[in-house]
Amino acid sequence: MDVVTSGTVLGAKPTDSPDQVSAIMGSDFAENSLDDHSMWRDYGLVEFFWTRESPDHPWEGHHFALQVHRLSYAGSSLVNKSIRERYGRFGRHLRFDKLQQLLANRGVRLEDVPDANAPAFTLHWQPASQVSVMALREREWGTVPTARQRPDRRRAQDLVIDDRRTSGMEQGTLRRSGRLGPGPLPSWWAWT
């Protein structure tokens, strides 16, 4: 809930450097990179992303994402220690309607954004913090796991929460709806 209202994770901003984020989130992360121009650190429930012009340039904060849907298969064990110390245990699901009610109790409103992925997913926007919330409304494509796969424990209303530098797909949706202004924003494909 604090992420939606503040646009930060424990005070870590999407524009912070990798060192600044690690000073807040700790050193327990998996670092990933597809090339010399992009990198992300996976802190379990939270991922932070950076880009740079070339290996000679510093990393610039791009965005973060709370992969709330991961709680459905890993539970509280995947939640970063810093977050657990601040907020305690997490359940396996955070329903959108519950999040929306908790935010409303604080006087924070989410705007519904028309989305091409509806009705399977819905997109919501918090203008003050510039955070988007994507809610799963249907089980994903009805896949049946094999003996080697985990069963799909995601439920309707599971969430993905992104800051304003959200996915290219969401950027287009937010721009078309008038909720995000013009200007170049790097693209990232969110869980959809």
Side-chain angles (χ1 to χ4, degrees), residues 1-91 94 99 103 106 108 110 123-134 158-172 174-175 179-192:
M1 189 168 56
D2 288 341
V3 171
V4 176
T5 60
S6 72
T8 69
V9 178
L10 299 177
K13 300 182 293 293
T15 55
D16 284 347
S17 72
D19 290 341
Q20 289 171 310
V21 172
S22 291
I24 294 169
M25 300 295 294
S27 59
D28 185 14
F29 58 82
E31 188 168 291
N32 306 280
S33 182
L34 299 175
D35 55 37
D36 291 338
H37 303 283
S38 64
M39 172 186 60
W40 72 98
R41 288 184 177 171
D42 184 339
Y43 292 89
L45 184 65
V46 181
E47 295 177 337
F48 277 83
F49 296 78
W50 295 271
T51 61
R52 63 183 176 184
E53 194 172 315
S54 75
D56 298 329
H57 287 83
W59 291 109
E60 295 179 7
H62 183 282
H63 76 282
F64 64 77
L66 262 66
Q67 306 287 354
V68 182
H69 64 280
R70 290 180 179 173
L71 291 169
S72 66
Y73 61 83
S76 228
S77 65
L78 78 84
V79 179
N80 172 278
K81 180 181 176 187
S82 299
I83 294 174
R84 275 195 327 269
E85 287 174 352
R86 172 85 175 264
Y87 297 106
R89 291 181 39 106
F90 284 72
L94 172 59
L99 174 65
L103 290 168
R106 285 189 175 186
V108 176
L110 290 173
L123 183 62
H124 311 275
W125 177 248
Q126 207 307 300
S129 64
Q130 297 189 14
V131 167
S132 67
V133 177
M134 182 177 284
D158 279 357
L159 304 174
V160 173
I161 301 172
D162 288 310
D163 75 287
R164 69 183 171 273
R165 290 176 174 83
T166 190
S167 78
M169 186 175 2
E170 290 175 13
Q171 288 174 26
L174 291 167
R175 281 196 172 120
R179 289 172 176 84
L180 188 63
L185 288 176
S187 177
W188 175 73
W189 187 76
W191 174 77
T192 57

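If you're wondering where the values come from, they're calculated on a predicted model, not measured in any experiment.
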### Non-hydrogen side-chain atoms of Y43 and I83 separated by less than 4.5 Å
no
### Task
Grab the two heavy atoms, one from S38 and one from S33, that are nearest each other, plus how far apart they are.
O-OG, 2.6 Å
### Query
Does S132 use its side chain to pair, donor to acceptor, with the backbone of H124 at less than 3.5 Å?
no
### Message
Please verify the inter-ring angle class for F90 with Y87; under 30° counts as parallel, over 60° as perpendicular, anything in between as tilted.
### Response
perpendicular
### Task
Output yes when a side-chain donor or acceptor of W50 lies under 3.5 Å from a complementary backbone atom of D16, and no otherwise.
yes
### Query
Under a 4.5 Å cut-off applied to non-hydrogen side-chain atoms, are E31 and P18 in contact?
no
### Side chain D19, main chain S22, donor-acceptor under 3.5 Å
no
### Where P14 and G7 come nearest, the two heavy atoms and their spacing
CD-O, 3.6 Å
### Task
Find out whether L45 and N80 are in side-chain contact, i.e. whether some heavy atom of one side chain is under 4.5 Å from a heavy atom of the other.
no
### Message
For a 4.5 angstrom cut-off between non-hydrogen side-chain atoms, does F64 reach V3?
### Response
yes
### Task
Quick one: do N32 and E47 satisfy side-chain contact (heavy atoms from CB on, under 4.5 Å)? Show the steps, please.
CA-CA 10 Å; N32 306 280; E47 295 177 337; over 6 Å; no
### Message
Any heavy-atom pair between the side chains of L34 and W40 that's under 4.5 Å?
### Response
yes
### 4.5 Å side-chain heavy-atom contact, I24 and S82
no
### Heavy-atom neighbours of D28 CG exceed 12 at 6.0 Å
no
### Query
Are side-chain heavy atoms of L110 and Q126 found at a separation under 4.5 Å?
yes
### Message
For F49 and H63, take the angle between the two ring planes, folded into 0 to 90°, and tell me which bin it lands in: parallel under 30, tilted 30 to 60, perpendicular over 60.
### Response
parallel
### Query
Shortest non-hydrogen contact from M1 to L99?
CA-CD1, 4.2 Å
### Reported CD-to-OG distance for the pair E60 and S17, which is rounded to 0.5 angstrom
11.0 Å
### Task
Could you please spell out the steps behind the side-chain contact (heavy atoms from CB on, under 4.5 Å) verdict for M25 and R41?
CA-CA 10 Å; M25 300 295 294; R41 288 184 177 171; over 6 Å; no
### Query
Can you tell me how far the CD atom of E53 sits from the CH2 atom of W59, to the nearest 0.5 Å?
12.5 Å
### Task
Give, for atom OG1 of T8 and atom NZ of K13, the distance between the pair rounded to the nearest 0.5 Å.
8.0 Å
### Query
Tell me, do V79 and L71 make a side-chain contact under 4.5 Å, heavy atoms counted?
yes
### Summary
In this structure, CG of L103 is separated from CG of D2 (nearest 0.5 Å) by 9.5 Å
### Task
Starting at NE2 of H62, measure out to CE of M39 and round the result to the nearest 0.5 Å.
12.5 Å
